[in-house]
Enquirer: 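Here it is, the structure, as structure tokens.
All values derive from a computational prediction rather than experimental measurement. Letters A, B, ... are given to chains in the order of the sequence lines, protein chains preceding strands, and every chain is numbered from 1.
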Amino acid sequence: MYDSGKIITGLVIFVALFASPFILNVGGVAPAAPQPSLDTPAIKDMETPVCVRDNMQQNHMQVLDLWRDSVVRKANRTAPGINGQLYEMSLSNTCMDCHSNKAEFCDRCHTYAAVDPYCWDCHVEPPKEGTES
Amino acid sequence: MLEKALTGDKKYWGWIGFLLLLITVGFGAYLRQYTEGLTMTGLSRDVSWGFYIAQLTYLVGVAASGVMLVMPYYLHDHKAFGKITILGEFMAVAAITMCLLFVLVDLGQPMRMMNMIIHPTPNSVLFWDMVVLNTYMFLNIIIGWNVLQAERKGVHYQAWVKPLIYLSIPFAVSIHTVTAFLYAGLPGRHFWLTAIMAPRFLAGAFCAGPSILLLIVFFLRKFTSFDAGQKAIRSLAVIITYAMILNVFFLLLELFTAFYSQVPGHMHAFTYLFVGLHGGYNMVPVMWASVILAVIVLVLLIPAKFRNNDKILVPALIMLVLSTWLEKGVALVVTGFIPNPLEHVNEYLPTLNELVISVGVYAVGALIVTVLYKIAIDVKAEVGDVAH
Amino acid sequence: MKNDRRHFLKAAGVATIGLAATATAAEAGIADSALELVFGPKGAAPYADAKTATRWGMVVDTRKLNAESMEKLIEACNHAHNIPKLPLRKPHDKFNKDEIKWIWEEEFENAFPGQMNEKLPPKITQNEVLVLCNQCASPACVRVCPTKATFQRADGIVMMDFHRCIGCRFCMAACPYGSRSFNFKDPRKDGAIAETNPEFPTRMKGVVEKCNFCAERLAKGLDPACVEACEHGEMVFGDLNDPESEINKVLRNNYTIQRKPEAGTKPQVYYIV
């Protein structure tokens with residue numbers, strides 16, 4: 001092999017760099033995945049605390065995507081929830097009415113999963129708890 | 001063949017390093033624009049397209065001009081172009097890459113670029129522009145690379161390349177036609193709403209593109225072993241001359257229609273260009289510079305005695321490139337927005353950040369041209385095609 | 001022989017995959033999800049009390065407008081849609097180049113460039129008029145949009161899907177009325193939105209926006225914000241296809257003009273001058 005010294009050195013550096021996150025974390029323990037907090041006044045007041053749709057933790061991205069197309073493009077702004085009642089398909093107004101704790105309900109998991117959805121660049125956040133507006 | 005680009009003298013690497021530096025600086029400027037938004041540009045609610053889209057328009061022409069070599073060589077068997085056809089094809093690749101980058105830096109939400117493919121919309125000219133630009137780019141990469149590789153191996157290129165070559169001819173015309181349709185189909189913009197927009201674009205392209213190519217050919221003759229040959233240079237100079245005559249003729253046609261008809265909407269933009277309108281004069285020096293240069297170019301190119309003298313031809317080509325760039329790469333896009341639909345004159349000047357980004361994009365194009373030309377010339381030197 | 005065996009194996013394979021797919025689909029509700037992907041959320045419907053029409057239109061009675069009422073109507077729109085107010089950058093500037101406008105004042109000659117003549121009575125030409133998106137029946141902006149981010153609803157409203165817009169600004173070049181604005185920067189920056197209306201989103205930088213005839217208010221049975229703010233019927237809003245609607249009565253009894261009818265976009269906003 002030509003230049004075997006250079007090639008092998010290069011490979012070693014590459015492998016070391018590439019594997020550094022794993023090597024540096026050997027023996028470490030991954031922090032537990034946070035659970036979204038359901039501790040809000042609106043949810044506590046509910047007799048049977050159920051959400052508008054099933055399996056929201058897994059599917060909320062797809063559901064929100066369906067909702068926004070339905071509301072903006074088809075002008076169908078309401079849909080029946082699992083209890084049959086009609087809900088407005090609105091992130092700011094329906095979801096956040098109950099889940100008024102954005103920091104504990106949305107941000108905590110999103111930070112953990114290192115995703116940065118841009119919902120709140122446009123949609124208006126619920127007022128922070130305690131600062132009644 | 002790519003390995004040819006990895007060997008070179010100090011000058012070559014110095015030039016590559018310089019281009020990489022420009023690209024880095026341009027990218028830094030783009031990051032600023034990406035975080036702050038297009039407020040970093042001189043664009044406004046009234047002039048919503050500016051320097052970026054104007055460069056796109058100009059460079060589409062440069063890309064399309066490759067056909068002025070491909071057509072005579074492959075269709076009319078004009079052997080003199082045999083050596084430089086590859087240069088035209090590779091220049092098209094670089095030009096289209098720059099076009100696509102100029103669109104990208106102009107987008108408000110570049111991360112959503114793929115929406116054009118996820119939600120294809122055939123009634124939008126921009127959709128078709130994307131289709132023809134990308135197709136033309138891939139055609140040129142495939143054709144150029146295969147023909148060059150065949151030449152290196154001393155064989156005729158494969159049979160399946162031939163239909164692609166024929167296909168690339170209508171595609172060259174289509175990229176500039178479709179780009180003209182971006183402008184020529186808009187109901188509220190009198191300046192652009194003209195059926196000769198596409199012919200004007202093509203005429204401008206067929207003089208400006210080959211001029212840039214010819215200037216590169218002169219450069220290569222001086223600094224490398226590559227000589228395109230007298231016959232090719234003379235033929236190309238004739239093509240450039242006729243295209244430039246048409247280009248100027250088409251502009252005069254526009255002026256006649258606007259000012260003989262006296263329709264206000266048609267006159268406004270030209271008034272703005274040549275004498276200014278309602279206190280807006282930014283484009284007046286640009287347009288006059290373009291016109292004066294164009295006249296000088298015609299005087300220098302039309303008489304064969306001047307045209308056949310390289311000492312006159314080279315400065316004439318430089319002035320031609322400058323003249324067409326001022327007209328198509330600066331004035332044409334901006335003036336379409338002035339006056340605005342409510343007949344207010346709100347002007348536009350690019351900002352420094354906008355220009356730095358543009359220089360970065362041009363540096364990417366120059367880098368691609370450099371690398372591809374380096375490969376082509378080294379291959380030709382290897383097979384002994386350059387020595388005379 | 002060989003051929004037959006291959007066919008058999010192929011058929012068997014397809015059948016197995018098909019069966020498996022059906023079983024899994026039934027189990028996980030994939031069929032439901034697929035249906036929702038195509039047709040939208042199951043059972044989705046407009047509000048029961050939504051205002052509906054087959055062709056929304058508007059009449060602007062410029063005779064009744066004055067500086068004060070125009071400002072009020074504009075303010076109502078700006079507040080309803082979280083439109084940022086951007087100050088002039090330099091004192092002698094005519095406008096802020098990043099400004100956003102949905103409905104605004106223009107001189108008569110600017111709003112109706114082809115219909116101006118010097119001998120028109122001053123009471124017509126000296127009055128400012130309100131201009132907004134014409135909600136064209138044949139909209140150039142929709143024709144040019146490469147992603148269908150701007151589209152026309154069945155009731156004629158030309159909508160913006162801010163989620164989909166890539167910010168190419170082709171629609172701004174296409175609009176013959178200058179009705180579209182681009183978010184050159186984040187509209188929330190520097191407190192440009194004095195008081196946020198939680199019922200409507202703000203926008204993010206890099207998307208185009210314009211008047212939407214208050215589609216979000218119609219959906220809830222309300223009139224557009226500007227129409228609601230009218231005290232003397234300066235603006236009349238209604239269904240152009242309903243002969244009994246108020247707007248059609250107004251149109252029958254008054255001479256009205258449109259902005260740039262020669263552009264062929266068929267504006268649905270009419271002006272009494």
Enquirer: Which residues in residues 105-113 of chain B have a heavy atom less than 4.5 Å from any heavy atom of chain C?
Expert: B:D106, B:L107, B:G108, B:Q109, B:R112, B:M113
Enquirer: Under 4.5 Å from any heavy atom of chain C, what part of B:I53 do you find: side chain, backbone, both or neither?
Expert: neither
Enquirer: What part of C:V142 is in contact with chain B, defined as an atom under 4.5 angstrom from a non-hydrogen atom: side chain, backbone, both or neither?
Expert: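 Backbone only.
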Enquirer: Calculate, to the nearest 0.5 Å, the distance between atoms CD and CD belonging to B:E343 and C:E107 respectively.
Expert: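 Rounded to the nearest 0.5 Å, the CD-CD separation comes out at 13.0 Å.
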Enquirer: Looking at C:F39, I want to see if its CZ is surrounded by more than 12 non-hydrogen atoms of other residues, nucleotides or ligands under 6.0 Å.
Expert: no
Enquirer: Looking at every heavy atom in both C:C168 and B:W49, which two are closest together, and how far apart are they?
Expert: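 Scanning both residues completely, I find the closest heavy atoms to be O-NE1, 2.8 Å.
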Enquirer: Check this for me: does any side-chain nitrogen of one of B:E347 and C:K97 sit under 4.0 Å from a carboxylate oxygen of the other?
Expert: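 Salt bridge: no.
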Enquirer: More than 12 heavy atoms of other residues, nucleotides or ligands under 6.0 Å from CD of C:E68: yes or no?
Expert: no
Enquirer: Shortest non-hydrogen contact from C:P113 to B:P341?
Expert: CG-O, 4.3 Å
Enquirer: C:D98 and B:R45: side-chain contact (heavy atoms from CB on, under 4.5 Å), yes or no, with the steps?
Expert: CA-CA 6 Å; C:D98 300 339; B:R45 193 180 184 279; over 6 Å; no
Enquirer: Nearest heavy-atom pair of C:A140 and B:P187: which atoms, and what distance?
Expert: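 Shortest heavy-atom separation between C:A140 and B:P187 comes out as CB-CG, 3.6 Å.
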Enquirer: What part of B:Y34 is in contact with chain C, defined as an atom under 4.5 angstrom from a non-hydrogen atom: side chain, backbone, both or neither?
Expert: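 Only the backbone of B:Y34 comes within 4.5 Å of chain C.
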Enquirer: Is there a side-chain contact (heavy atoms from CB on, under 4.5 Å) between B:H119 and C:R164 once you walk through the steps?
Expert: CA-CA 9 Å; B:H119 308 289; C:R164 190 179 286 189; 3.1 Å; yes
Enquirer: Please look at C:R180 and chain B and tell me whether the side chain, the backbone, both or neither of the residue comes under 4.5 angstrom of a heavy atom of that chain.
Expert: backbone
Enquirer: With side-chain contact (heavy atoms from CB on, under 4.5 Å) as the test, pick out the partner of C:P146 among B:L126, B:D129, B:N123.
Expert: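 Testing C:P146 for a side-chain contact (heavy atoms from CB on, under 4.5 Å) against B:L126, B:D129, B:N123 leaves exactly one candidate, B:L126.
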Enquirer: Checking heavy atoms, do the side chain of B:D46, its backbone, both or neither come under 4.5 Å from chain C?
Expert: side chain
Enquirer: To the nearest 0.5 Å, tell me how far C:D186 CG sits from B:T35 OG1.
Expert: 11.5 Å
Enquirer: Would you say that more than 12 heavy atoms from the other residues, nucleotides or ligands in this model lie under 6.0 Å from the CZ of C:R63, or not?
Expert: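 More than 12 heavy atoms, drawn from other residues, nucleotides or ligands, come within 6.0 Å of this atom.
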Enquirer: Please examine the side chains of B:L43 and C:F182, heavy atoms only from C-beta on, and report whether any two atoms are closer than 4.5 Å.
Expert: no
Enquirer: Between B:L182 and chain C, with a heavy-atom cut-off of 4.5 Å, which part of the residue counts as in contact: side chain, backbone, both or neither?
Expert: both
Enquirer: C:V144 versus B:V125: any side-chain heavy-atom pair under 4.5 Å?
Expert: no
Enquirer: For the interface with chain C, which of B:S44, B:G265, B:P120 has the highest count of heavy-atom pairs at distances below 4.5 Å?
Expert: B:S44
Enquirer: Out of C:K189, C:K205, C:K185, which one pairs with B:E36 under the salt bridge (Lys or Arg N to Asp or Glu O under 4.0 Å) rule?
Expert: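 In the set C:K189, C:K205, C:K185, the residue that makes a salt bridge (Lys or Arg N to Asp or Glu O under 4.0 Å) with B:E36 is C:K189.
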Enquirer: If you look at every heavy atom in B:L342 and C:A111, which pair is closest and at what distance?
Expert: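 Heavy atoms of B:L342 and C:A111 come nearest at CD2-CA, 4.2 Å.
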Enquirer: Looking only at non-hydrogen atoms, find the nearest pair between C:E106 and B:H344 and report the distance.
Expert: OE1-NE2, 2.8 Å
Enquirer: Where does C:K148 contact chain B at under 4.5 Å (heavy atoms): side chain, backbone, both or neither?
Expert: both
Enquirer: By a 4.5 Å heavy-atom criterion (distance strictly below it), what part of C:C145 contacts chain B: side chain, backbone, both, or neither?
Expert: backbone
Enquirer: For the atom pair CZ (B:F127) and CZ (C:F170), what is the distance rounded to the nearest 0.5 Å?
Expert: 13.5 Å
Enquirer: Check whether more than 12 heavy atoms from other residues, nucleotides or ligands sit under 6.0 Å from atom NZ of C:K123, and answer yes or no.
Expert: no
Enquirer: Side chain, backbone, both or neither: which part of C:F112 has an atom under 4.5 Å from a heavy atom of chain B?
Expert: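 The answer is neither part of C:F112.
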Enquirer: Any side chain to side chain donor-acceptor pair (under 3.5 Å) pairs touching residues 261-273 of chain C, not counting sequence neighbours?
Expert: C:Y177-C:T265
Enquirer: If you count heavy-atom pairs under 4.5 Å with chain B, which of C:G206, C:G264, C:C175, C:A263 comes out on top?
Expert: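 When all of C:G206, C:G264, C:C175, C:A263 are compared, C:G206 has the most.
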Enquirer: Answer with side chain, backbone, both or neither: which region of B:W192 has an atom nearer than 4.5 Å to a non-hydrogen atom of chain C?
Expert: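 Side chain of B:W192 only, per the 4.5 Å heavy-atom cut-off to chain C.
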Enquirer: Is there a donor in the side chain of C:R169 and an acceptor in the side chain of B:S48, or the other way round, less than 3.5 Å apart?
Expert: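 On atom types as modelled, these side chains do not qualify, holding no pair under 3.5 Å.
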